[in-house]
There are 2 protein chains.
Amino acid sequence: MGFCIQITVNEKLYLKNPQETKLGKKIIEHSILMIDKMGIECFNFKKLAEEIQCTEASVYRYFENKNYLLMYLVTWYWEWIKFQIEFRTTNMPDPRAKLRVIIAILVESSLANEIIEYVDESALHRIVITESAKTYRTKKVQDHNEEGFYFHYKSLCRKISDIILEINPKYCYPRALAGNLVETALLQVFYARNLPSLSDVSSGKDVLCQVKTFLYHIAFSLLDEKAVFQNTVNCSTNGRNNK
Amino acid sequence: MGFCIQITVNEKLYLKNPQETKLGKKIIEHSILMIDKMGIECFNFKKLAEEIQCTEASVYRYFENKNYLLMYLVTWYWEWIKFQIEFRTTNMPDPRAKLRVIIAILVESSLANEIIEYVDESALHRIVITESAKTYRTKKVQDHNEEGFYFHYKSLCRKISDIILEINPKYCYPRALAGNLVETALLQVFYARNLPSLSDVSSGKDVLCQVKTFLYHIAFSLLDEKAVFQNTVNCSTNGRNNK
DNA sequence: TTAAAATGATAGCATTACTATCATTTTATT
DNA sequence: AATAAAATGATAGTAATGCTATCATTTTAA
């Protein structure tokens with residue numbers, strides 16, 4: 001009844017599609033909960049198998065190892081974010097309004113938490129915040145990139161940078177700004193929760209809202225800048241002078 | 001002859017100070033080269049011991065494990081950056097000029113590469129770019145924070161945020177901006193080198209310089225913004241409207 | 001010269017990260 | 001309902017990893 005969303009990710013990330021079987025969904029469901037609880041370092045397939053009462057071998061039939069599983073989860077998350085952006089910005093004529101919605105989704109998406117029954121989006125958001133850097137900051141980036149593992153993340157950034165260019169077609173750093181917004185959305189929430197002295201959020205109030213406000217500030221200050229920045233600035237000064 | 005810089009880091013990060021013995025320095029020197037080459041995942045103490053012709057047990061006498069060693073190296077790096085900032089900004093009256101120097105150091109520090117003989121600062125910079133997130137994005141952040149492992153990073157960010165406030169005393173997000181500058185300095189270089197479609201640098205020209213220019217743009221656009229941002233913005237709109 | 005500190009040499013052990021094989025159960029097809 | 005195919009279970013095993021412990025030897029400092 002009603003409609004149903006299927007989120008699909010790069011097939012090379014899994015050996016057998018976990019979304020097509022009961023056990024597969026159980027693997028997704030409980031790996032999210034367990035990684036959220038214990039962190040990817042302490043998590044392993046043996047513990048997961050025990051938790052969901054199956055054999056270790058069965059888990060290995062779905063994923064090569066826990067790193068692929070993590071990559072799968074993170075990729076799934078970005079695809080889910082893209083879906084939400086698509087869904088909530090269609091028919092919006094104003095690109096500025098779009099960007100505001102996107103920022104809100106990046107920060108607060110995890111609050112809306114009942115779309116896919118076997119995925120705890122809040123927990124997954126925490127995983128992405130804490131662990132996602134491990135999926136691409138590695139010596140294997142190049143290989144993983146060739147396999148297309150970052151396709152979903154890239155297309156998200158691409159979507160954001162297109163909107164940035166709608167707002168300000170002369171803006172010089174659309175892609176860098178897009179990536180910066182996405183990463184800052186993660187990092188500032190992480191700081192606010194774990195190392196508050198590195199953030200400016202006051203822990204009393206709503207943390208996510210404050211991060212959102214900071215992102216609005218970054219985005220619109222940079223895009224509204226009167227003087228479009230020149231990429232041809234003299235680089236040889238090495239920061240020693242000030243003009 | 002001349003003078004000598006000693007960079008000291010939190011004592012809890014090592015079992016025996018590697019800077020005080022010949023073997024210790026060899027451990028630092030070659031671990032930097034090896035982690036740079038193979039990444040922290042493939043690196044281990046057995047390989048390191050083989051490389052420098054000592055026993056595995058000897059390495060374990062200096063560091064509990066490779067994660068502590070990584071944390072030590074990253075911490076050392078931030079302390080080294082702080083020293084350079086101290087050194088190159090003293091007696092500068094203009095805080096804007098200071099911030100420009102800091103940004104240049106964050107991006108290009110590794111080019112000046114002959115200060116401490118057993119540390120390859122270029123390689124260390126690459127390690128910090130690729131691996132540093134693993135030192136704090138972990139379930140153990142809280143514990144590590146209590147041990148003071150992030151003291152050096154925090155004091156760097158503090159130093160930067162103080163200068164930000166000198167430039168614009170009313171600025172609402174001095175710490176978040178400081179952290180953002182530091183992290184963006186790492187991330188954009190990583191992207192430019194590994195996933196260029198996520199950055200706006202043209203690979204032909206000097207990558208570091210372009211990243212520097214981007215950071216100048218962020219810093220001074222945000223700080224020069226006429227309307228100081230209000231932290232009391234209405235958060236309940238959830239990005240759905242645009243006023 | 002002698003004690004202390006550092007390192008070497010060797011051994012061992014529990015855990016991890018898989019892989020392989022064959023048996024059993026579940027599911028889909030006709 | 002019969003049967004093939006797919007999925008999972010059960011079990012076993014192996015190579016590598018990440019240490020720790022012990023005692024001998026060398027180097028360094030007093």
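In what follows, chains are A, B, ... by sequence order, proteins preceding strands, each numbered from 1. What you see is a predicted model; the values in this text were computed from it and never measured.
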If we ignore hydrogens and angles and just use 3.5 Å, is the side chain of [X] paired with the main-chain N or O of [Y] as donor and acceptor?
| X | Y | result |
| --- | --- | --- |
| B/S199 | B/Y191 | no |
| B/T184 | B/N180 | yes |
| A/T138 | A/V141 | no |
| A/H30 | A/K26 | yes |

Measure from [atom1] on [X] to [atom2] on [N] and round the result to the nearest Å.
| X | N | atom1 | atom2 | result |
| --- | --- | --- | --- | --- |
| B/Y62 | C/dG8 | OH | C1' | 13 Å |
| B/L15 | C/dA6 | CG | C1' | 14 Å |
| A/L48 | D/dG9 | CG | C1' | 16 Å |
| A/I40 | C/dT16 | CD1 | P | 14 Å |
| B/L23 | C/dA9 | CG | C1' | 15 Å |
| B/K26 | C/dA6 | NZ | P | 17 Å |
| B/E20 | C/dA4 | CD | P | 19 Å |

B/Y77 side chain to B/S132 side chain, donor-acceptor N/O pair below 3.5 angstrom: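 Note: B/Y77 and B/S132 side chains miss the donor-acceptor criterion.
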Polar contact flag, side-chain donor to acceptor under 3.5 angstrom, A/K139-B/T130: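 The criterion, which ignores hydrogens and geometry beyond distance, is not satisfied for B/T130 and A/K139.
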Where A/S122 and A/S110 come nearest, the two heavy atoms and their spacing: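 Scanning both residues completely, I find the closest heavy atoms to be OG-O, 3.0 Å.
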Between the first and last five pairs of the helix from C/dT1-D/dA30 to C/dT30-D/dA1, the angle of the axes, rounded to 10 degrees: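 Taking the rotation axis at each end, their angle is 30°.
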Sugar-phosphate only, base, or nothing, as touched by B/Q53 at under 4.0 Å among non-hydrogen atoms: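 It contacts sugar-phosphate atoms only.
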Qualifying residues under salt bridge (charged side-chain N to carboxylate O under 4.0 Å, His left out), relative to B/K134, sequence neighbours excluded: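 So B/K134 forms a salt bridge (charged side-chain N to carboxylate O under 4.0 Å, His left out) with B/E41, B/E131.
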B/S58 side chain near C/dG8 phosphate (N/O to OP1/OP2, under 4.0 Å):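 Answer is yes, contact under 4.0 Å.
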Reading 5' to 3' through nucleotides 16-30 of chain D, protein heavy-atom contacts under 4.0 Å coded B for base, S for sugar-phosphate only, - for none: --SBBBB--------
B/K82: which of B/E79, B/Q84, B/E86 passes side chain to side chain donor-acceptor pair (under 3.5 Å):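 The passing option is B/E79.
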